[in-house]
Amino acid sequence: MFDSIFGTGKLNKMIFQAYLPKVKASDQDKLSKDPADQYTVLVNPDTYTVSYQVQYESSNVPGAPTEPKYKASSPSQIEFTILFDATGVIPPSAGPLDNVPLVGAVAGLFKKPEEYDVMKELKKFSLVAYLIKGADHRPRKVQITWGRQIYDAVLTSVSLNYKLFTPDGTPLRLEARVSFEGAISDLLREADPKMASPDLTHIRNVVAGDTLPLMSDTIYGIPGYYIEVARTNKIFNFRKLKEGTAVFFPPTKKTK
């Protein structure tokens, strides 16, 4: 009954997390755990486009048509729009209650909203996806996570469309059309179930409703390991996890 009234669907917002800049070309890719290297969108995109290109070449012999010869597959592109909105039309986050759509919306009415600044939010996003760091002299590789979908890619273009302003010209709404380039396998894969193996090191970003016992149970199969996880991450109040925080889960052998 309560499920039908309040709903139980969990809202997963799109998250961008930058990889650490490489000192040497041979360095392995590692996700940054710095909160400044992560950005969560205000509203999920309502659509996105993935494009693939296959290149062919053919010899131009007059009067002798030839079959195109495969040359290469270009990196695929994913494109979507990110909304930055300070008009107040979009309700503020209700914290853990975001998991419950109706309750979260009602709670948002009674929660004092934090001031949202379009330009500050754009800068936060730029620091993650556009800032040039490392020896490769290009925007950093980012991991885009949305629910079960995981994309590893680099930003190739961004187009900013400012739509609403205050009387003094301060932007109140911005639509950023972004395009990322990544390998085909990256743009098609889902979260690998095998990556939940307890003998691997894991990094998980806290989302609304997460608790250390629940996250530990998902990875290790034993919720009691949360004490060691809390100690490793120096988390003193494991009952109140800050959304977006990167939590490290050290490898361990699963026991019965």
Side-chain angles (χ1 to χ4, degrees), residues 11-22 29-51 75-95 98 108 113-134 136-166 169-183 186-187 203-208 242-247:
L11 175 62
N12 290 314
K13 290 190 175 182
M14 180 180 283
I15 297 174
F16 299 85
Q17 187 165 356
Y19 282 88
L20 290 171
K22 293 184 178 182
D29 287 331
K30 292 183 180 179
L31 285 170
S32 171
K33 63 177 182 178
D34 187 343
D37 287 339
Q38 179 177 292
Y39 188 79
T40 303
V41 300
L42 179 66
V43 180
N44 284 329
D46 57 1
T47 183
Y48 64 89
T49 302
V50 180
S51 303
S76 51
Q77 301 272 345
I78 183 170
E79 189 175 29
F80 50 87
T81 297
I82 302 174
L83 177 65
F84 301 87
D85 190 288
T87 63
V89 173
I90 301 173
S93 170
D98 274 342
E114 296 181 1
E115 184 176 352
Y116 186 96
D117 187 301
V118 167
M119 299 309 295
K120 287 182 180 179
E121 292 299 316
L122 177 60
K123 183 177 180 180
K124 290 179 184 178
F125 171 76
S126 298
L127 289 175
V128 174
Y130 186 70
L131 181 66
I132 297 176
K133 280 187 176 182
D136 47 2
H137 303 293
R138 69 172 188 177
R140 287 182 293 174
K141 182 179 179 180
V142 297
Q143 184 174 94
I144 308 172
T145 306
W146 188 8
R148 296 176 58 190
Q149 302 298 317
I150 301 177
Y151 310 115
D152 287 338
V154 292
L155 181 70
T156 56
S157 69
V158 57
S159 178
L160 306 178
N161 182 17
Y162 296 90
K163 305 194 73 172
L164 294 174
F165 308 88
T166 62
T170 301
L172 288 176
R173 179 173 293 170
L174 164 64
E175 293 179 355
R177 187 68 178 173
V178 296
S179 180
F180 288 85
E181 180 179 284
D186 288 332
L187 290 176
I203 303 176
R204 294 290 184 272
N205 296 313
V206 175
V207 298
K242 184 178 179 182
E243 246 184 286
T245 301
V247 180

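What you see is a predicted model, and the numbers here were worked out from it, not measured in a lab. These values consider heavy atoms only, across backbone and side chains, with no hydrogens, waters or symmetry-generated copies.
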(request) Give, for atom CZ of Phe16 and atom OG1 of Thr40, the distance between the pair rounded to the nearest 0.5 Å. (result) 9.5 Å
(request) State, yes or no, whether a side-chain contact exists between Lys242 and Val206 at a heavy-atom distance under 4.5 Å. (result) no
(message) Is the positively charged end of Lys124 above the ring of Tyr39, judged by distance under 6.0 angstrom from the centroid and angle within 45° of the axis?
(response) no
(request) Mind checking the NZ-CG spacing from Lys163 to Leu172? Nearest 0.5 Å is all I need. (result) 13.0 Å
(message) To the closest 0.5 Å, what do you measure between CZ (Arg140) and CG (Leu20)?
(response) 7.5 Å
(request) Examine distances only and state if a side-chain atom of Ser76 and a backbone atom of Gly182 form a donor-acceptor pair shorter than 3.5 Å. (result) yes
(message) Using 0.5 Å steps for rounding, measure from the OG atom of Ser157 to the CD atom of Glu181.
(response) 10.0 Å
(message) What's the separation between atom CG in Asp34 and atom CG in Leu127, rounded to the nearest 0.5 Å?
(response) 10.0 Å
(message) If you count heavy atoms of other groups shown closer than 6.0 angstrom to OH of Tyr130, is the number above 12?
(response) no
(message) Any non-hydrogen side-chain atom of Val128 less than 4.5 Å from a side-chain atom of Val142?
(response) yes
(message) Would the distance check show the side chain of Thr156 and the main-chain N or O of Ser179 forming a donor-acceptor pair, the cut-off being under 3.5 Å?
(response) yes
(message) Is there a side-chain contact between Glu79 and Ser51 in this structure, where contact means two heavy atoms from C-beta onward sitting under 4.5 Å apart?
(response) no
Residues 81-90, side-chain donor-acceptor partners within the protein, below 3.5 Å, at least two apart:
residue : atom : partner : partner atom : Å
Thr81   : OG1  : Arg177  : NH1          : 3.0
Asp85   : OD1  : Thr87   : N            : 2.9
Asp85   : OD1  : Thr87   : OG1          : 2.5
Asp85   : OD2  : Thr87   : OG1          : 3.4
Asp85   : OD2  : Arg173  : NE           : 2.4
Asp85   : OD2  : Arg173  : NH2          : 2.8
Thr87   : OG1  : Val89   : N            : 3.3

(request) Measure the CG-OG1 distance between Asn12 and Thr145 for me, rounded to the nearest 0.5 Å. (result) 10.0 Å
(message) Tell me whether Gln17 contacts the main-chain N or O of Asp37 through its side chain, where contact means a donor paired with an acceptor under 3.5 Å.
(response) no
(request) Check whether any side-chain heavy atom of Met119 lies under 4.5 Å from a side-chain heavy atom of Tyr162, and answer yes or no. (result) yes
(request) Return yes if some donor-acceptor pair links the side-chain N/O of Asp152 with the main-chain N/O of Lys141 below 3.5 Å, else return no. (result) no
(message) Whether the side chain of Asn161 engages the backbone of Glu175 through a donor-acceptor N/O pair (distance < 3.5 Å, no angle test) should be reported.
(response) no
(request) Please report the shortest heavy-atom distance between Leu160 and Ala176, naming the atom on each side. (result) CD2-CB, 3.7 Å
(message) Between Phe80 and Ile78, is there a side-chain heavy-atom distance shorter than 4.5 Å?
(response) yes
(message) Ignoring hydrogens, what is the shortest heavy-atom contact between Met14 and Trp146? Give both atom names and the distance.
(response) CE-CE3, 3.4 Å
